[in-house]
2 protein chains.
Amino acid sequence: MKVSTKGRYAIRLMIDIGIQSNGYVRLKDVARRQEISIKYLEQIVGLLQKAGLLLSSRGAHGGYRLSKDPYDYNMGEILKATEGSLSPVSCLEDEVNNCLRYNICSTIKFWQGLNDVINEYLDNHTLGELMEIEKNLKEKNIDYSI
Amino acid sequence: MKVSTKGRYAIRLMIDIGIQSNGYVRLKDVARRQEISIKYLEQIVGLLQKAGLLLSSRGAHGGYRLSKDPYDYNMGEILKATEGSLSPVSCLEDEVNNCLRYNICSTIKFWQGLNDVINEYLDNHTLGELMEIEKNLKEKNIDYSI
DNA sequence: TGATTTCCTAGTAAACCCATAGTATAATCA
DNA sequence: TGATTATACTATGGGTTTACTAGGAAATCA
C-alpha cells in the first residue's frame with residue numbers, strides 16, 4: 001500500500017515548478033533544490049508531460065512549466081499520471097478485469113469502498129493548496145534564521 | 001498502492017473460517033474452497049495467529065477458528081497483521097522515521113490526511129459485515145441454480 | 001503406532017523499484 | 001554555422017519484494 005518514489009517525487013517537482021512561477025524552470029534546478037537525481041526526474045517529468053500536466057521547452061532557457069492554474073490540479077491526477085492506477089486491488093481496474101471470481105466475490109464492494117475514499121481524498125486536494133503550505137514553510141524558516 | 005495477495009487472501013480466509021462456525025476449520029478445506037495453495041495459506045495464517053486473530057489446534061481434527069466475535073474484528077487489524085504497515089508513505093511510520101527532510105516537508109500533512117481516511121475506512125468495517133455479504137451471495141447463488 | 005494437521009524454515013522465479021548511462025533531438029546564442 | 005544548453009528516449013542493472021513451492025519437524029487423536 002505504498003506510493004512509490006515516482007509519485008512522491010512528482011508532487012515535490014510540481015510544487016517546486018509551480019512556486020518558481022516565472023517562465024520555464026530547468027530540471028537541473030529542481031534536482032538541486034529537491035535533492036533528486038536529474039536523470040530520474042527526467043523520467044518522471046516525461047510522464048507528467050505526456051499526461052498534459054506540464055509544458056516543456058527545449059534548448060537554452062528551456063525547461064518546464066505548469067499547463068494550468070495550480071488550483072486546477074487535483075492530487076489524484078498527478079499521482080495517476082506517475083503511479084498508474086491507484087486502486088488498492090487490480091480487480092477494480094476497468095481495462096483488465098481478469099478475476100474469475102468477480103461475480104462470486106464478497107469483498108469487491110469492500111475494496112470499491114476503499115478505492116472511493118482514497119480517490120475522494122486525492123481529488124479534493126489541489127496542487128495550489130500544497131504550494132501554499134510550502135510557501136508558508138519557507139517564510140517560517142526565514143523568520144527563524146533572523 | 002496495491003494490497004498484496006497476502007492481505008487479500010487473509011480476508012477471504014477469515015471470512016471462510018468465520019462462516020464455518022462450528023469448531024476448528026482445516027486449512028485444507030479453506031484452500032479447496034478459496035482456490036489458494038495450502039502452503040501459501042499456511043504462511044498467511046501464521047501471521048494472523050501471531051497477531052492473536054486466530055486460534056489453532058494441531059493434529060487430527062485440528063484447524064483454525066476465530067478468536068472473537070466477527071463484529072469485533074475490523075478490517076484494519078486483519079490487513080495490518082498480514083501486510084505490515086498500511087501507511088501510504090514510510091515517513092508516517094513511527095518506528096523508523098528516517099527522513100531528513102521531515103521538518104521542511106510540505107507534503108507530510110497531505111500524506112497524513114490520506115493515511116487517516118484509509119485507516120478510518122478500514123477501522124470502521126468489520127469482518128462480520130463481510131461475512132453477511134458472503135452469506136447473502138451464497139444464498140442467491142443457490143436460488144439461481146434451482 | 002499411524003494418520004492427520006499445524007508449525008517452521010529455506011529456496012526460487014518473476015516482477016518491480018530506483019535509479020544510472022548514453023545518445024539523440026531541438027532551441028538558443030555568439 | 002558551431003558551440004552550448006536543455007529536453008527526449010531507450011537500455012541496462014542491482015537490489016528488494018512478491019508469490020509461491022518444498023521439506024520436514026512437532027503435536028494430537030483414534
Side-chain angles (χ1 to χ4, degrees), chain A residues 1-10 12-13 17 20 23-32 34-67 79 82-86 88-90 96 98-99, chain B residues 1-13 17 20 23-32 34-67 79 82-86 88-90 96 99:
Chain A
M1 277 291 277
K2 286 274 181 295
V3 172
S4 76
T5 53
K6 269 190 184 166
R8 289 188 282 119
Y9 289 179
R12 283 165 55 190
L13 175 134
I17 290 178
Q20 327 290 322
Y24 289 96
V25 181
R26 288 185 304 179
L27 224 45
K28 191 205 281 184
D29 295 333
V30 178
R32 180 174 37 76
Q34 299 298 324
E35 302 172 274
I36 302 171
S37 139
I38 188 169
K39 280 296 188 181
Y40 196 31
L41 276 183
E42 278 182 11
Q43 291 175 34
I44 295 167
V45 94
L47 297 169
L48 294 167
Q49 200 207 357
K50 269 176 199 159
L53 306 182
L54 283 176
L55 298 176
S56 72
S57 169
R58 286 180 160 202
H61 302 295
Y64 297 90
R65 67 179 178 83
L66 302 188
S67 63
L79 286 174
T82 44
E83 294 276 305
S85 163
L86 294 177
V89 293
S90 56
V96 204
N98 50 5
C99 182
Chain B
M1 278 289 277
K2 286 277 182 293
V3 172
S4 75
T5 52
K6 267 189 185 166
R8 289 186 284 121
Y9 289 179
I11 290 176
R12 283 166 54 190
L13 176 134
I17 290 179
Q20 327 290 322
Y24 288 95
V25 181
R26 289 184 303 176
L27 225 43
K28 191 205 281 186
D29 295 332
V30 178
R32 180 174 37 76
Q34 299 298 325
E35 301 172 277
I36 302 171
S37 138
I38 189 169
K39 281 296 186 180
Y40 195 31
L41 277 182
E42 277 181 9
Q43 289 176 31
I44 295 166
V45 94
L47 297 168
L48 294 167
Q49 200 206 359
K50 268 176 200 158
L53 305 182
L54 283 177
L55 299 176
S56 72
S57 169
R58 284 182 163 197
H61 299 106
Y64 297 91
R65 65 179 178 84
L66 301 188
S67 63
L79 287 174
T82 44
E83 295 275 303
S85 163
L86 294 177
V89 294
S90 55
V96 202
C99 182

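Protein chains get the first letters and strands the later ones, always in sequence-line order, with residue 1 at the start of each. As the structure is a computational prediction, the values presented were derived from the model and not from experiment. Heavy-atom basis, side chains included; hydrogens, waters and symmetry copies ignored.
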* To do: Would you mind telling me which of dT5(D), dA19(C), dT21(D) lies closest to the side-chain atoms of K39(B)?
  =>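 Minimum distance to the K39(B) side chain belongs to dT21(D).
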* Considering only side-chain heavy atoms of K50(A), which listed nucleotide, dT20(C), dT6(C), dC9(D), is closest? -> dC9(D)
Distance in angstrom units between [X] [atom1] and [N] [atom2], rounded:
X	N	atom1	atom2	result
R26(A)	dT4(D)	CZ	C1'	12 Å
D29(A)	dA6(D)	CG	P	8 Å
Y24(B)	dA27(D)	OH	C1'	13 Å
Q49(B)	dC8(C)	CD	C1'	12 Å
L48(A)	dA8(D)	CG	C1'	15 Å
I44(A)	dA19(C)	CD1	P	8 Å
I36(B)	dA19(D)	CD1	P	12 Å
I38(A)	dA8(D)	CD1	P	12 Å

* Have a look at E42(A) and say if it touches a base, only the backbone sugar-phosphate, or nothing, with a 4.0 Å heavy-atom cut-off. =>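 Here E42(A) touches the bases of the nucleic acid.
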* Using a cut-off of 4.0 Å on non-hydrogen atoms, how would the nucleic acid contact of G46(B) be classed: base, sugar-phosphate, or nothing? -> nothing
Can you name the atoms? Protein N/O to nucleotides 28-30 of chain C N/O, anything below 3.5 Å, with the distance.
none

Salt bridge (charged side-chain N to carboxylate O under 4.0 Å, His left out) partners for [X], two or more places apart:
X	answer
K39(B)	E42(B)
K2(A)	E93(B)
R26(A)	D29(A)

* Any S56(A) side-chain nitrogen or oxygen under 4.0 Å from OP1 or OP2 of dA8(D) ->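 Looking at the OP1 and OP2 atoms of dA8(D), one of them is under 4.0 Å from a side-chain N or O of S56(A).
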* Does the side chain of S37(B) get closer than 4.0 angstrom to OP1 or OP2 of dC20(D) through an N or O atom? -> no
Atom pairs under 3.5 Å, N or O on each side, protein against nucleotides 16-18 of chain C: can you list them with distances?
{"from": "dC18(C)", "atom 1": "OP2", "to": "T5(A)", "atom 2": "N", "distance (Å)": "3.1"}
{"from": "dC18(C)", "atom 1": "OP2", "to": "T5(A)", "atom 2": "OG1", "distance (Å)": "2.8"}
{"from": "dC18(C)", "atom 1": "O5'", "to": "T5(A)", "atom 2": "OG1", "distance (Å)": "3.3"}

* Qualifying side-chain hydrogen bond (donor to acceptor under 3.5 Å, both in side chains) pairs with a residue from residues 53-63 of chain B, counting only residues at least two apart or across chains ->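 Every pair satisfying side-chain hydrogen bond (donor to acceptor under 3.5 Å, both in side chains) with a residue in residues 53-63 of chain B: Q49(B)-S56(B).
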* Structure fact -> L55(B) and Y24(B) have their tightest heavy-atom pair at O-CE2, 3.9 Å
* Asked: Can you name the residues that form a side-chain hydrogen bond (donor to acceptor under 3.5 Å, both in side chains) with S67(B), not counting sequence neighbours?
  -> Y73(B)
Which pairs would a plain distance check flag for residues 4-11 of chain B, meaning a side-chain donor or acceptor within less than 3.5 Å of a matching protein atom at least two apart in sequence or in another chain?
{"from": "S4(B)", "atom 1": "OG", "to": "K6(B)", "atom 2": "N", "distance (Å)": "3.3"}
{"from": "S4(B)", "atom 1": "OG", "to": "E83(B)", "atom 2": "OE2", "distance (Å)": "2.5"}
{"from": "T5(B)", "atom 1": "OG1", "to": "Y40(B)", "atom 2": "OH", "distance (Å)": "3.0"}

* side chain to side chain contact (heavy atoms under 4.5 Å, CB included) against A60(A), all qualifying residues, sequence neighbours excluded ->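 For A60(A), no residue satisfies side chain to side chain contact (heavy atoms under 4.5 Å, CB included) once neighbours in sequence are set aside.
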* To do: Nearest 0.5 Å please: distance from the CG atom of L66(B) over to the CD atom of Q20(B).
  => 10.5 Å
